[in-house]
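This report refers to the structure that appears directly beneath it.
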Amino acid sequence: MSSAETKAEAARTRSAWLLSLPALVVLVFAASGPLLIVLAYSFLTPGQYGNVVWDFDLSGWIGILYTKDIFDGTWGLADAHLTIFWRSVKLSLMTTAITFAVGFPTAWFIATRPAKQRAFWLFLITIPFWTNLLIRTVAINEVIRNEGLLNTSLIWLGVISEPIRIIYTDTAVLIGMAYVYLPLMVLPLFAAIDRFDMRLLEAGYDLYASRLRVLRRVILPIVKPGIIAGSILVFVPSLGAYVTPRVLGGGKNMMIGNFIELQFGQGRNWPLGAALSMTLLVVVMVALLVYVRAANKGDNPHG
Amino acid sequence: MTETPIAIEARNAVKSFGQGAVAVRALDDVSVQIRRGEFFTLLGPSGCGKTTLLRLIAGFETPTSGQILLGGEDITHLPPNKRPVNTVFQSYALFPHLSVAQNIAFGLEMQNRPRAEVAATVARMLALVQLEPMANRKTSQLSGGQQQRVALARALAPTPKVLLLDEPLSALDLKLRKEMQIELKRLQQETGITFVFVTHDQEEALTMSDRIAVMSAGHIQQVGSPRDIYTRPANRFVASFIGETNFLTGTSDGTRVVLGNGAAVDVTAPKGPVTLAIRPEQVRIAGVDGGGMPATVASTVYFGTDTHLHLTLSDGTAVVARQQSPAAGGIDAPKGAQVGITLPTDALQVLGE
Amino acid sequence: MAERSFEVARLPGFKFIAITAFVLLYMPIITLVVYSFNSGQSVAVWEGFSLDWYGKAWANEAVKGATYRSLIIAASASAIATTVATMAALGTTRRKAFKGQTFIYVMINQPLMVPEIVTAVALLIFFASIKVATGYNGLIYLIIAHAAFCIPFAYLPIRARLEGMDLTLETAAADLYASHWQTFRRVTLPLMLPGIIAGAMLAFVISLDDVVITEFVKSGGQDTLPTYMLGQMRRAVTPEVNAISTVLLALTVVLLTAFFLLTRKND
């Protein structure tokens, strides 16, 4: 390459960076940069009234799993913390499973509509997708609370005489998360099914497969990248959920997100909160890496 | 006779893409002179370098080495917006956010021509391409042929010294293409502007051009009038790319060539092995005992007025002969028939390598 | 009798589940909207149509203040995010791979990857120390925080628009004597405008909807509509919250419909 062309390329790279610079400045200042402060805070000593004292201390990280006895000062396994982690993982996995069970038939239904109707059904899924999470949580709350639509209807029908108490239980959080994250499952599944060549079904039936076996042996393997994408898109925000467990779980049925908040509020243990945040971040990043690899595989089936 | 002045010239133009071992020479030392006012065609298969040469003339690419001259002036490093050269793009590249008239006015406005002049020129251009009623339409509402006319009008409006056309007819269907060929020729004659036309379609090149440059693998293989190129191809590539051709190998003793089947023809050629070319329509066929070289009819392909006879000579060489179908007076030679063929000496062309 | 032909794409039960899913998806939202017009206190009993709750919400100074702040923040943040995202999209698309390209992509999309609660905590810590150091407690913190997480939402439609744009259009402009600046002004910018507007609207919706980051970054008395609602949820739910939700919902639907019309591929 001639030196003129090398120079031109250097100029192009420079202009790309210069044009991206303002965005990068905003992002470093108000998104990425502060994450490093969280990392630093996780290694400091908790202050008495919140905040931190600038002394190196691993108690934030140890505090994730262990707790110090107030009386004799010995460290023991923190059962309360483990309960919260277990609830977070369990509810997130169940949310993923439920949204898949409902979302796959829904995505299939949309993808098999005539082209003109498809945009309409897709739009119906997209509206909740972009609608405020809090509003949707409020909406599901209207249905499941003691005086909500569900209980009043059942009482009116005479099925029950006392309202079933769902609100402020794990079940309420689960219903809420499945409700608010369903569109996140349907959209990537739809994208995968939309690319699926329906003539393969004819080939499957032609070769004596039943409907169930066509589903298991032809459809599911081919749309697998979409399934992985949808599952992670649901699992990741479920694990970090804050609003839904706070509104529907009440104070007691906390998930990791609420537990982190607690450390910066009444808990007054910022290093523990910081360490928990970093842990959540790492778990989510690992899940996203799996997602990226699955997505790349989907683009290039022969790779 | 005075020489027609040169409108545009490429001097030893080289263009390579990539670097090091993967570098590709799209143009390899190309020199060509295009005369003022002529319809000049760059013809060749895809990847031959014809579009690269066009882009060098337009200024979208800078040559790795060599020069581009416009009216004798070096414009190699002039950016495209400073060159009095306009392009009709293969995809037309009409601005979708502007109307037909606004598209045509674009170049004039960029040159800061007075408003009245712009309006007058746009009106004249609309008339020239017969699109007056479409002036205020969006370009997306036009048919392919109409878009083509807008692209032409837009490129002609600033009266460029040279108009470049990059396979402009390739997106049109056959019937429209024929119409546009006539239209283009008319526009070129009316405006008197030098047209440089890129195509891979040999028929298009033959019917429209004043002169043709046949290109292959980054080189110009031959420059000449359509008749020259067709009847006197310079080499095997040109002969096979333009029209159908039979190739016959033989050995020359200087004045005679002995072919593979032992027959001799009186052709002057350098001593040693040579390749002769002859067009199918020039192969003469006589009946079974009409004399000439014996040949067997391997198959016949019927084309309506014409029939192609695929013949095999005694040494196995395949020869295609084109003649009128039997109903129009041709010889009826079914598959398997024995015929005699003669190769007129003046139709035989001696090819270089 | 004509047999129904074999439908290859039909899977038993799928249609039923799908229709049920759509009903379940919309029933709560419709309930919420309907009961925001109920004249009574409860969602249990329909006591007749009224706009009382809208009136009550609007008469509430706290709601008025929150609405004002929500709009100021969403407008400023989406303006900042769209401007820097437009520049970044021009810088990163339609050119050969360059050094640091992946880094820029990751940085721009980073707000989509990091859990909101983590970013919220990080901003809480960072801005708290700035607030202490400077003594300034204004809305700027919220605006910048919102601008940052709006950038990927503004960037994506602009980038998509640019990538779908025919590069020969700019070549054609240069061929027709337009300078770099004229080409940008007369061809590139008008063609990317629908993408920019779409990006700005998306950023506006995303900012308007944010709860978690606002909840952690806001100083006292800086409630936006969502954080005000979240605060109200601690007590018994009143139809006032439903009324605010309905207004926000309507705004989202309007902006989204406009967004879809803008990004439809039909040039």
Side-chain angles (χ1 to χ4, degrees), chain A residues 12-13 15-20 22-24 26-27 29-32 34-35 37-38 41 102 105-106 108-109 112 123-124 126-128 130-135 138-143 147-149 152 179 182 198 201-202 205 211 215 240 242-243 247 257 260 264 273 277 280-281 284 288, chain C residues 8-9 11-12 14-15 17-18 21-22 25 28-29 31-32 42-44 84-85 87-88 90-92 95 98-100 104 107-108 110-111 113-119 121-126 144-145 147-149 151 205 209 211-212 226 229-230 233 237 241 245 248-249 252-253 256 260:
Chain A
R12 276 198 297 272
T13 304
S15 85
W17 274 90
L18 279 176
L19 284 165
S20 306
L24 294 180
V26 175
L27 287 162
F29 184 75
S32 317
L35 293 179
I37 303 178
V38 177
Y41 269 44
V102 178
T106 309
W108 185 266
F109 172 81
T112 52
F123 188 64
L124 280 191
T126 324
I127 286 187
W130 289 109
T131 302
N132 195 332
L133 184 98
L134 179 62
I135 294 179
V138 171
I140 195 80
N141 181 53
E142 288 290 77
V143 174
E147 307 83 26
L149 187 69
T152 40
Y179 177 68
L182 179 65
M198 291 293 168
L201 297 179
E202 294 178 358
Y205 291 127
R211 292 212 190 257
L215 179 65
Y242 169 80
V243 172
V247 172
I260 291 173
F264 290 91
S277 302
L280 179 61
L281 182 62
V284 164
L288 286 175
Chain C
V8 273
L11 289 167
F14 271 33
K15 192 172 181 179
I17 298 176
F22 279 107
L25 210 49
I29 297 177
T31 311
L32 177 120
S42 120
V43 279
V84 298
M87 292 172 70
L90 282 168
T92 52
R95 55 179 77 215
F98 59 92
K99 254 189 212 130
I104 295 179
M107 282 296 287
I108 287 175
Q110 178 259 333
M113 300 186 286
V114 177
E116 256 195 306
I117 184 76
V118 175
T119 310
V121 162
L123 291 176
L124 169 76
I125 297 176
F126 181 46
I144 291 187
F149 68 72
I151 286 174
V205 168
D209 283 356
V211 190
V212 182
M229 282 166 56
L230 188 67
M233 295 293 293
V237 192
V241 168
S245 298
L248 276 178
L249 189 69
T252 307
V253 172
L256 277 183
F260 275 99

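Letters go in sequence order (proteins before strands), and every chain restarts at 1.
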task = Name the option with the most non-hydrogen atom pairs under 4.5 Å to chain C; the candidates are A:Ala23, A:Ser15, A:Gly240.
result =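 Top option by heavy-atom pairs under 4.5 Å: A:Ala23.
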
inquiry  = Taking every non-hydrogen pair under 4.5 Å, which of A:Ile127, A:Leu24, A:Leu18, A:Thr112 racks up the most with chain C?
reply    =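 Of the candidates given, the most pairs with chain C belong to A:Ile127.
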
Which atoms form the tightest heavy-atom contact between [X] and [Y], and what is the distance?
X        : Y        : result
A:Leu27  : C:Ala148 : CD2-O, 3.5 Å
C:Met229 : A:Leu134 : CB-CD2, 3.8 Å
C:Leu32  : A:Glu142 : CD1-CG, 4.3 Å
C:Met233 : A:Val138 : SD-CG2, 3.7 Å
C:Ala145 : A:Ala30  : CA-CB, 4.1 Å
C:Val118 : A:Ser277 : CG2-O, 3.6 Å

For chain A, which of [options] has the most heavy-atom pairs under 4.5 Å?
options                                : result
C:Gly100, C:Pro12, C:Ala85, C:Ala147   : C:Gly100
C:Leu248, C:Leu124, C:Ile108, C:Leu25  : C:Leu25
C:Leu90, C:Thr119, C:Ile151            : C:Ile151
C:Leu249, C:Val121, C:Val211, C:Val205 : C:Val121

Which bit of [X] is near chain C, if near means a heavy-atom gap under 4.5 Å: side chain, backbone, both or neither?
X        : answer
A:Ile135 : both
A:Thr131 : both
A:Tyr41  : side chain
A:Trp130 : both
A:Val143 : side chain
A:Ile260 : side chain
A:Val26  : both
A:Leu124 : both
A:Ile37  : side chain
A:Leu182 : side chain

Student check: side-chain heavy atoms of [X] and [Y] closer than 4.5 Å:
X        : Y        : answer
A:Val38  : C:Ile125 : yes
A:Asn132 : C:Thr252 : no
C:Val212 : A:Val243 : yes
A:Pro105 : C:Leu11  : no
C:Leu256 : A:Thr126 : no

Partners passing ring pair (Phe, Tyr, Trp, His ring centres under 6.0 Å) against A:Tyr179 (at least two apart in sequence or in another chain) =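 Not a single residue meets the ring pair (Phe, Tyr, Trp, His ring centres under 6.0 Å) criterion with A:Tyr179.
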
message = Whether the side chain of A:Trp17 engages the backbone of C:Ile104 through a donor-acceptor N/O pair (distance < 3.5 Å, no angle test) should be reported.
response =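 No; judged by distance alone, with no hydrogens or angles, the pair does not exist.
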
Give, as side chain, backbone, both or neither, the part of [X] having an atom under 4.5 angstrom from any heavy atom of chain A.
X        : result
C:Ile29  : both
C:Pro226 : both
C:Val253 : side chain

task = Verify side chain to side chain donor-acceptor pair (under 3.5 Å) between C:Gln110 and A:Ser32, making sure each step is shown before the conclusion.
result = CA-CA 8 Å; C:Gln110 178 259 333; A:Ser32 317; 3.1 Å; yes

Distance, nearest 0.5 Å, that separates CZ of A:Phe264 from CD1 of C:Ile117 =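 Reported value, rounded in 0.5 Å steps: 9.0 Å.
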
